[in-house]
2 protein chains.
Amino acid sequence: MTRYEHPTRILVAIDCIIFGFDGEELDLLLIKRNFEPEKGKWSLMGGFLNETEDLEKGAERILYDLTGLKNIFVEQIGTFGKVSRDPVERTLSVVFFALINIADHDQEAVKAHNANWITLGKKPKLIFDHDDMVRMALEHLRYNAALHPLGFELLPERFTIPQLQKLYEAIYDMKLDRRNFSRKILSTGLLIDTGEKDENSTTKKAGLFRLDRERYQKKFYSFWNFIPNPALPEAL
Amino acid sequence: MTRYEHPTRILVAIDCIIFGFDGEELDLLLIKRNFEPEKGKWSLMGGFLNETEDLEKGAERILYDLTGLKNIFVEQIGTFGKVSRDPVERTLSVVFFALINIADHDQEAVKAHNANWITLGKKPKLIFDHDDMVRMALEHLRYNAALHPLGFELLPERFTIPQLQKLYEAIYDMKLDRRNFSRKILSTGLLIDTGEKDENSTTKKAGLFRLDRERYQKKFYSFWNFIPNPALPEAL
DNA sequence: AAATTATTGTGTACTATTGACACATTCCAA
DNA sequence: TTGGAATGTGTCAATAGTACACAATAATTT
């Protein structure tokens with residue numbers, strides 16, 4: 001096969017920031033790196049892109065290989081390419097971001113792969129520029145959850161409004177008014193009342209809702225202005 | 001130098017979508033490709049990333065080489081990596097998006113490099129997946145101009161409010177109410193009245209404003225909710 | 001020089017949305 | 001049965017958004 005004359009071909013990695021929600025705080029799925037350099041240090045889920053593999057497929061493969069998880073929400077959020085970002089050789093890293101609802105997924109599979117859910121607030125220092133990637137991913141999450149009904153990806157199929165509120169409070173690290181939140185979320189018309197109650201509760205059982213998947217497509221922009229003044233930048 | 005054992009290294013290109021504003025419509029800076037394949041066809045500004053070059057530097061270099069333009073606003077918007085996107089060999093393309101105010105820049109330099117400003121509405125078909133890139137860039141512009149005071153990058157140093165309004169109308173392909181627009185834009189506190197008038201006008205001369213660069217930093221999030229319901233997706 | 005036309009600058013009334021807050025209800029446990 | 005903790009719903013004032021009307025300016029026409 002003929003090739004372009006340009007001399008430089010570069011190693012391409014894929015790194016994944018995986019967010020989960022444990023009901024109280026945002027969690028990250030991290031792994032202890034099992035090869036040199038920086039072996040044993042905390043790292044994002046990552047791997048190298050194969051010659052015959054699309055970027056998104058690569059991200060899904062890496063997620064599956066390292067966690068046993070399939071069919072999860074992934075989205076590309078950027079590419080990191082500083083010349084010296086990897087000490088071994090120049091490596092471009094295409095960064096993906098994934099949202100998982102912890103409850104509905106197989107915890108054993110995750111553990112068997114040596115992956116760990118770690119609360120965002122307790123995140124250890126990560127290798128290379130992975131901290132920057134996490135920062136970017138959180139910013140991406142904050143942007144997108146303010147504009148689109150994205151948070152549902154982090155919740156189980158059926159959820160209560162107070163759960164949803166806690167999720168938003170975790171994402172934006174702010175308190176929201178219970179009554180105003182409820183009014184606003186219901187007015188989107190995206191929630192279907194299942195009529196059931198959350199049996200796990202020890203006080204008044206909250207009603208269980210589920211996402212109206214049909215309207216979700218049509219009203220993907222309905223969250224525009226959902227969060228008044230999200231604390232978007234910096235953080236962490 | 002030791003290298004990773006992974007066998008695949010990939011050619012990395014950089015492509016730039018350059019938006020300009022001619023006072024009426026959004027323009028794209030396009031070029032006729034001067035090498036095979038697809039030689040002579042319309043294309044985005046592009047080139048290959050060098051071994052010792054950061055991504056952003058590469059984008060700036062390519063912009064300068066192909067247009068003679070320097071110091072322009074660039075931002076990475078994504079990476080395209082479909083296995084078959086380039087028929088010659090697998091090539092990843094990191095896509096940047098740039099905003100230029102046409103009036104203040106050197107038109108001769110642009111022409112000398114065989115680059116052409118083309119109205120977005122009259123965009124010819126582009127090579128490879130460049131049409132998808134333009135679509136993504138427009139979406140990116142629409143998102144960001146609705147959330148942040150980004151439009152100013154497309155206007156000259158001093159501009160009138162009607163000019164600014166026409167820019168927004170071009171970006172979102174919608175009409176805005178003159179009076180409400182004026183009220184809203186002035187209430188951001190980002191505009192400084194220079195006291196001067198636009199002498200180019202043949203009717204009532206509009207007042208010239210300039211951006212308050214200091215507040216621009218501090219109020220980068222003040223445009224949140226500036227455009228009511230931007231027509232965000234599809235387009236083109 | 002007055003009238004005309006096109007465009008700019010400012011104001012006002014009405015409606016919708018937001019933010020701050022109160023009260024009644026449900027469930028479990030003491 | 002009573003109290004604590006959480007949920008569901010409602011009210012009101014303030015804010016912001018929408019749809020308008022009218023006066024002012026500059027060049028051109030009569």
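To find a chain, count down the sequence lines: A is the first, B the second, and so on, and within it residues start at 1.
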Restricting to nitrogen or oxygen on both sides, can you table the protein-nucleotides 7-11 of chain D pairs closer than 3.5 Å?
{"from": "dT7(D)", "atom 1": "O2", "to": "K204(A)", "atom 2": "NZ", "distance (Å)": "3.1"}
{"from": "dG8(D)", "atom 1": "OP1", "to": "G207(A)", "atom 2": "N", "distance (Å)": "2.8"}
{"from": "dG8(D)", "atom 1": "N7", "to": "R178(A)", "atom 2": "NH1", "distance (Å)": "2.9"}
{"from": "dG8(D)", "atom 1": "O6", "to": "R178(A)", "atom 2": "NH2", "distance (Å)": "2.9"}

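- Note on ring orientation: taking the six-membered ring where Trp is involved, the planes of Y216(A) and F220(A) are perpendicular (angle over 60°, cut-offs 30° and 60°).
- Taking atom CD of E199(A) as the reference point, atom C1' of dC28(C) lies 13 Å away to the nearest angstrom.
- Each side-chain hydrogen bond (donor to acceptor under 3.5 Å, both in side chains) pair with one or both residues in residues 158-167 of chain A, not counting sequence neighbours, appears once here: E24(A)-K166(A), R158(A)-E196(A), Q165(A)-E169(A).
- Look at CD1 on I185(A): it is 16 Å from P on dT17(C), rounded to the nearest Å.
- Note: NZ (K184(B)) to P (dA19(D)) measures 12 Å, nearest angstrom.
- Between F152(A) and F223(A), the two ring planes are perpendicular [angle over 60°; tilted spans 30° to 60°].
- With rounding to whole Å, D198(B) atom CG is found 11 Å from dA27(D) atom P.
- Atom CG in L176(B) sits about 13 Å away from atom C1' in dG17(D), given to the nearest Å.
- Applying the side chain to side chain donor-acceptor pair (under 3.5 Å) criterion to E153(A), with sequence neighbours excluded, gives no partner residue.
- Close placement of the Y143(B) and H148(A) rings is indicated, their centers lying within 6.0 Å of each other.
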Practice problem: Go through the steps for D198(B) and K205(B) under the test salt bridge (Lys or Arg N to Asp or Glu O under 4.0 Å), then give the verdict. | Solution: CA-CA 5 Å; D198(B) 178 13; K205(B) 296 175 191 333; over 6 Å; no
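- For the pair F181(A) CZ and dA20(C) P, the computed distance is 16 Å after rounding to whole Å.
- Atoms CH2 (W224(A)) and P (dA16(D)) sit 19 Å apart, rounded to a whole Å.
- Whole-Å rounding puts the E196(B) CD to dA26(D) P distance at 15 Å.
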